[in-house]
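All values reported here derive from a predicted model rather than from experimental measurement.
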Amino acid sequence: MKNRETVIGWVLIVVLMLVFSFYQNKKFKEEQALKKEQQKSQPERPKEKASEAVVSLNDTTHAAAGVPNATATVVKDSTTTSSKFGAFATAATGEEKLFVIENDVQKITLTSKGGQIKSVELKKFKTWDKKPLILFTDRTNSLSYQLSIENNQTVDTKDLFFAPVGDTFNVTGDASKSFALRASAGEGKYLEQKFTLKGNSYLLNYDVNLVGLNTVIPANNTFIGINWDNYLSPLEHNLMLERRYSALYFRYDQNDVTHLSEDKESDSLIIKAPLEWVSYKQQFFNTTLFSPKGDFRNGKLRTHFSKDNTSYVKEYESGFTLPYNNSGNVSYNFQYYIGPNSYNGLASINKEVESIIKLSPDFFLFSWIRYITRFIIWVFSWFDRVHLNYGIIILLMTLILKIVLHPLTAKSIESSAKMKILAPELAALKEKYGDDQTKIGQEQMKLYSRAGVSPFGGCLPLLIQMPILMAMYYFFPTSIELRQQPFLWATDLSSYDSIVSFSATALPIIGSTFNHISLFTILMTITSIGQAVMNNQLNAMNNQQPGMKYMPYFMPLLLMFMFNDFPAALTYYYLLQNLLGIAHQWIIQKFFINDEKLRKQIEDNKKNPKAQSSWQKKLADIQKQAAERQNPKK
């Protein structure tokens, strides 16, 4: 009877979830249609300023050094320019020119308009659709300085035209070269932005020099402003996953690394303590600005995205003040890192910037998992040196884990086999004491103690594997090494392995967009159910609690929809865990478990019972107290 009631209960739960999902899906589509209508009258983000000239990205990246394919001439009224820009009036008009500096791994295009980086191409990487990987352009990125001048005016460097100093270059090997852009404020007075690039490096030395501006900036001014805005361009196939692993990170001077929310559509923070660096991190790449002296002071950080806008990943904004002492020459020595999120590469910078790669949950009770993830990175890097396919590396790592955990797994299976032998006696206790669960629990513990069986013997391997599974959950989606690496039918182990695609359907309960079918996820689900079948046949406790035996079948089906969007490397790893677990369990049961031998061992233990451990005594006391509360003496 109870079995039938349990089945009916589960069926009703599934039906209710499907009905609710259908209702939510319908409501979601109606809301989406309404939002699309509302967005028709709004400009798509990121917005391009009308006053700025648009230069084709292909023209930009292929322009000869200093000779742009497209330029913008700005002419302003001389009276207005003089009153607004003061000593920088001559730099407020001009023609945009482009300059290319590059090394083995980067191609950086600079612009005379604002003296800033116009675009960065990472040569060794492509976008998910095999196009050149342009990490950002001046349409999505802007960094400028605000200078106070006479008459309470403020000059923003993005409105100025900078003149080149030196020659553009292509540097290789260990050599380094520099190129500068200057905005003139009169004879011998200027603001200079200097870029120094080394051969095979993603680091770019970036110096800002204020020369002779003590006569331009009022003497009582103690700071200048800096603003840095960036819209992250989509680079990966799975935008939702890319957003999930993108966040604005920062480090307080010589202190901890933290970040703004990854999940909130909008989050901000007022900064009062000096910052050593700010990092605009995407799933696999980042742009980080370092200030070794902690010059980023008193500012605000902000991150924002719209779930319904797929034209960008996230928007980051930073605004700070830089200390200024109003002397003849003031220099700020900054440094950029513009490149991949390689844990070992970032760790070599020795500024804790590798912490932008999330290795564990933020919750402090689970933060220790990062040490397991670091060990996995070390093992993975060791295998990577022999240039094996990454799918094979994951297989070898999984095999090693199974071998290491073999003694515990064998003990667990042996414990389950003993529990199965005790199943008739456990059933007799239930029949004897009926619905008195407290008494049943007490007698069960006595039986386990006499038989020398631990009811929790099968839990230890699972408890040990859970942190490892969590570490893999954080390792695979952020591992740049797996990006665009094929294995079997998966073309990219860092994204889902779609074998069938169709129109998007929202599943609000699970929080995913079910518009494809991932084969590794399907195989993972099938093997999870197969493993559940084997466990139920071995686990005697399910005979005592019939309703629980349906849960191992239901959960894999529910998780299938969630894991459908996950990276193929992760679902492939879980698939391997299931397959090797099934094979391992079958081998142990077939060749190493002898029921007659175990039965004799249990009988011998009953004849010569061991003294209860302190833990067993404590558990017995808890059960006794519970029984007394349930049936107090009159």
Side-chain angles (χ1 to χ4, degrees), residues 43 46-55 60 66 68 70-99 108-119 136-165 179-187 189-195 206-218 221 223-231 289 299-300 315-322 324 330 332 334:
K47 297 182 285 186
E48 181 184 352
K49 297 182 179 179
S51 62
E52 295 182 355
V54 180
V55 181
T60 299
T71 61
T73 304
V74 178
V75 180
K76 301 177 181 178
D77 179 79
S78 59
T79 303
T80 304
T81 302
S82 180
S83 63
K84 182 177 180 181
F85 294 94
F88 286 99
T90 57
T93 59
E95 183 180 77
E96 182 183 30
K97 295 182 180 180
L98 308 180
F99 310 91
I108 301 173
T109 302
L110 307 173
T111 173
S112 62
K113 181 68 184 297
Q116 61 182 318
I117 298 174
K118 188 177 183 70
S119 68
F136 61 80
T137 72
D138 60 340
R139 296 179 63 183
T140 59
N141 184 81
S142 173
L143 187 144
S144 65
Y145 302 89
Q146 297 75 48
L147 311 176
S148 295
I149 59 173
E150 63 271 13
N151 299 324
N152 293 321
Q153 295 289 331
T154 300
V155 173
D156 196 316
T157 58
K158 67 184 178 184
D159 298 322
L160 303 179
F161 287 87
F162 288 65
V165 178
F179 179 79
L181 292 165
R182 290 179 182 174
S184 176
E187 188 70 27
K189 306 172 185 178
Y190 57 83
L191 186 151
E192 177 184 74
Q193 299 185 71
K194 183 179 179 183
F195 304 88
Y206 172 51
D207 301 320
V208 179
N209 302 311
L210 284 68
V211 178
L213 297 186
N214 56 315
T215 61
V216 176
I217 299 174
N221 194 75
F223 65 88
I224 64 176
I226 175 173
N227 284 330
W228 182 21
D229 302 331
N230 189 298
Y231 286 88
L289 184 61
K300 182 177 181 180
E315 173 193 3
Y316 297 144
E317 297 176 9
S318 300
F320 305 105
T321 60
L322 303 175
Y324 177 73
V330 177
Y332 302 98
F334 301 138

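The aromatic rings of F99 and F179 sit tilted, their planes meeting at an angle between 30° and 60°.
Listed by chain and number, the residues in a side-chain hydrogen bond (donor to acceptor under 3.5 Å, both in side chains) with S144 are Q146, D156 (sequence neighbours excluded). Partners of F162 under the ring-ring contact (aromatic ring centres under 6.0 Å, His included) rule, at least two apart in sequence or in another chain, do not exist in this structure. Scored by the ring-ring contact (aromatic ring centres under 6.0 Å, His included) test, F195 finds Y206 as partners (sequence neighbours excluded).
Atoms OG1 and CD, on T157 and Q193 in that order, are 5.5 Å from each other to the nearest 0.5 Å. Here I117 contributes atom CD1 and T111 contributes atom OG1; the two are 11.5 Å apart, rounded to the nearest 0.5 Å. Of the inter-residue distances, the one linking S119 atom OG with F136 atom CZ reads 8.0 Å to the nearest 0.5 angstrom. The CD1 atom of I149 sits 7.5 Å away from the OG1 atom of T154 when rounded to the nearest 0.5 Å. In this structure, CG on D159 lies 12.0 Å from CZ on F88, to the nearest 0.5 angstrom. To the nearest 0.5 angstrom, D229 atom CG is 13.5 Å from Y316 atom OH.
When all heavy atoms of S148 and N221 are compared, the pair lying nearest together is OG-OD1, 3.6 Å. In plain terms, the two heavy atoms of Y145 and V208 that are nearest each other are OH-CG2, 3.2 Å. The two residues L160 and A183 come nearest to each other via the heavy atoms CD1-CB, 4.1 Å. Of all heavy-atom pairs spanning L213 and A185, the tightest one is CD2-CB, 3.8 Å.
Inspection of the T215 and K189 side chains reveals an N or O donor paired with an N or O acceptor under 3.5 Å.
In this structure, the side chains of N141 and W228 come closer than 4.5 Å at one or more pairs of heavy atoms. Between V330 and Y332 there is a side-chain heavy-atom pair separated by less than 4.5 Å.
The backbone N or O of L143 lies less than 3.5 Å from a partner atom in the side chain of Q116, making a donor-acceptor pair. Remark: side-chain polar atoms of S112 are not paired, donor with acceptor, to backbone N or O of L181 under 3.5 angstrom.
Of the residues listed (E192, R182, K194), the one engaging N209 in a side-chain hydrogen bond (donor to acceptor under 3.5 Å, both in side chains) is E192, and it is the only one. No option in K118, K113, K158 other than K118 meets the side-chain hydrogen bond (donor to acceptor under 3.5 Å, both in side chains) test with D138.
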